[in-house]
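Data block below; observations after.
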Amino acid sequence: SGSLGYTTGFELALQFFSSQNDFKLIITGTPFLMCNDEFYALINKYKSNNIEYLGVLEYEDYQEILSSCEFGLSLRNPSEMEHRMNFPSKILEYMSFGCIAISSISYSELNKDTYLLTEYSIEGMQFFFKNILIDFNDLKRALIIKKALIEIENNYSANVFKSKIYNLID
């Protein structure tokens with residue numbers, strides 16, 4: 001969800017999930033650095049029964065969709081300069097809704113036990129979904145979600161930010 005473009009893994013996700021039958025890809029958001037014609041041409045190129053583009057949603061609808069998803073993808077191209085310095089806000093959003101975030105970038109700001117890493121390539125995605133998620137049981141899932149929610153509460157909650165602001169002022 002969010003900004004959907006070449007450097008944010010949009011085509012990578014479409015290409016991978018168009019060849020999968022075991023997973024469904026739900027996409028929300030807007031084109032990023034591409035015109036609408038190019039955007040919809042990509043969607044049509046990888047058209048598949050297990051890929052659904054919902055467009056831009058009202059926030060309540062987006063929350064409902066996100067709450068129903070098991071995983072959230074953050075497939076940023078690590079070779080792009082713009083992604084080397086970004087803050088993982090989308091990952092935190094996924095985590096706050098109980099989704100397990102799958103990222104193509106390792107973030108020093110986040111505990112490594114709170115999200116999963118994949119390589120930014122078709123081969124990396126194939127390996128990840130075939131070998132990593134194959135023995136992903138309910139206990140592993142619950143532990144990652146619990147650690148992610150603790151991470152958010154301890155480091156990124158409104159109370160934490162208020163406390164940091166007050167400490168700056170004092």
Side-chain angles (χ1 to χ4, degrees), residues 1-110 112 114-134 136 141 144-145 148 151-152 156:
S1 69
S3 299
L4 306 170
Y6 293 110
T7 67
T8 60
F10 180 57
E11 185 173 23
L12 175 64
L14 290 172
Q15 185 179 1
F16 174 75
F17 283 96
S18 68
S19 67
Q20 302 299 308
N21 295 321
D22 298 332
F23 303 99
K24 181 175 183 176
L25 178 65
I26 300 172
I27 306 165
T28 67
T30 58
F32 176 69
L33 298 178
M34 65 173 67
C35 68
N36 283 338
D37 290 342
E38 185 178 10
F39 179 79
Y40 286 105
L42 271 179
I43 290 175
N44 288 329
K45 178 180 178 182
Y46 297 105
K47 194 171 186 88
S48 172
N49 290 334
N50 63 325
I51 298 175
E52 185 176 7
Y53 175 60
L54 302 177
V56 177
L57 303 175
E58 293 293 327
Y59 189 63
E60 295 79 22
D61 296 330
Y62 173 67
Q63 289 177 310
E64 188 176 319
I65 293 293
L66 199 51
S67 296
S68 71
C69 292
E70 190 172 355
F71 299 98
L73 296 174
S74 179
L75 301 175
R76 298 187 178 276
N77 187 341
S79 68
E80 296 284 331
M81 179 58 94
E82 66 188 84
H83 300 302
R84 292 185 198 157
M85 305 295 191
N86 75 321
F87 182 79
S89 57
K90 185 56 72 178
I91 292 174
L92 291 174
E93 180 181 40
Y94 291 151
M95 291 162 53
S96 70
F97 279 90
C99 296
I100 296 173
I102 300 171
S103 177
S104 57
I105 295 179
S106 177
Y107 291 97
S108 61
E109 299 90 346
L110 299 176
K112 302 298 180 237
T114 60
Y115 65 105
L116 302 174
L117 284 171
T118 186
E119 184 181 298
Y120 186 83
S121 67
I122 289 297
E123 298 77 22
M125 297 279 288
Q126 289 168 338
F127 177 84
F128 180 84
F129 278 86
K130 188 175 187 177
N131 298 307
I132 305 298
L133 290 185
I134 199 76
F136 207 72
R141 184 177 288 111
I144 290 175
I145 291 169
E151 171 93 4
I152 290 169
Y156 301 102

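Throughout, residue positions are numbered sequentially from 1 according to the sequence presented.
- The distance from the OG atom of Ser106 to the CG atom of Leu117 is 5.0 Å, given to the nearest 0.5 Å.
- The ring pair (Phe, Tyr, Trp, His ring centres under 6.0 Å) test applied to Phe10 returns Phe39, not counting sequence neighbours.
- Every pair passing side chain to side chain donor-acceptor pair (under 3.5 Å) that includes a residue from residues 39-57 is listed here, sequence neighbours excluded: Glu11-Tyr46, Lys24-Glu52, Ser48-Asn50.
- No side-chain heavy atom of Leu54 sits less than 4.5 Å from a side-chain heavy atom of Ile27.
- In this structure, Glu82 and Thr7 have side chains that are in contact, with non-hydrogen atoms separated by less than 4.5 Å.
- Every residue meeting the ring pair (Phe, Tyr, Trp, His ring centres under 6.0 Å) condition with Phe87, not counting sequence neighbours, appears here in chain and number order: Tyr156.
- Residues Ile26 and Cys69 come closest through the heavy atom pair CD1-SG, 4.3 Å.
- Using a distance-only test at 3.5 Å, with no hydrogens or angles considered, no donor-acceptor pair links the side chain of Tyr94 to the main chain of Tyr115.
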Inset, instruction - Would you please test Leu92 and Ile152 for side-chain contact (heavy atoms from CB on, under 4.5 Å) and show each step? - result: CA-CA 7 Å; Leu92 291 174; Ile152 290 169; 4.0 Å; yes
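- The side-chain heavy atoms of Pro31 and Leu4, taken from C-beta on, include no pair separated by under 4.5 Å.
- Considering every non-hydrogen atom in both Leu110 and Pro88, the closest pair reads CD1-CG, 3.8 Å.
- Of all heavy-atom pairs spanning Ile51 and Leu14, the tightest one is CD1-O, 3.6 Å.
- In Glu58, the CD atom is not crowded: 12 or fewer heavy atoms of neighbouring residues, nucleotides or ligands sit closer than 6.0 Å.
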Name every donor-acceptor pair, under 3.5 Å, that has one atom in a side chain of residues 119-131 and the other anywhere in the protein, sequence neighbours excluded.
| from | atom 1 | to | atom 2 | distance (Å) |
| --- | --- | --- | --- | --- |
| Glu119 | OE2 | Ser121 | OG | 2.7 |
| Tyr120 | OH | Tyr6 | O | 2.9 |
| Ser121 | OG | Gly124 | N | 2.8 |
| Asn131 | ND2 | Phe127 | O | 3.4 |

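- Atom CG of Leu116 is separated from atom OG of Ser103 by 9.5 Å, given to the nearest 0.5 angstrom.
- Of the inter-residue distances, the one linking Ser18 atom OG with Ile43 atom CD1 reads 12.5 Å to the nearest 0.5 angstrom.
- The two residues Ala13 and Leu73 make their nearest non-hydrogen contact at CB-CD1, 4.4 Å.
- Between Leu66 and Glu93 the shortest side-chain heavy-atom distance falls below 4.5 Å.
- Summarising the geometry, atom CD belonging to Gln15 is positioned 10.0 Å from atom CG belonging to Leu42; distances are rounded to the nearest 0.5 Å.
- Under a cut-off of 6.0 angstrom, the local environment of CD in Glu64 is sparse, with at most 12 non-hydrogen atoms contributed by other residues, nucleotides or ligands.
- In terms of heavy atoms, Met95 sits closest to Ala101 at CG-CB, 4.4 Å.
- For Thr114, the side chain to side chain donor-acceptor pair (under 3.5 Å) test picks out no residue, with sequence neighbours left out.
- Not counting sequence neighbours, the partners of Glu70 by the salt bridge (charged side-chain N to carboxylate O under 4.0 Å, His left out) test are Arg141.
- We find the CG-OG1 distance between Leu75 and Thr118 to be 7.0 Å, quoted to the nearest 0.5 Å.
- Ile102 has its side chain within reach of Phe71: a pair of non-hydrogen atoms, C-beta onward, lies under 4.5 Å apart.
- Between Glu80 atom CD and Asn86 atom CG the span is 11.5 Å, to the nearest 0.5 Å.
- Residues Gly72 and Cys99 approach most closely at N-CB, 4.1 Å, considering heavy atoms.
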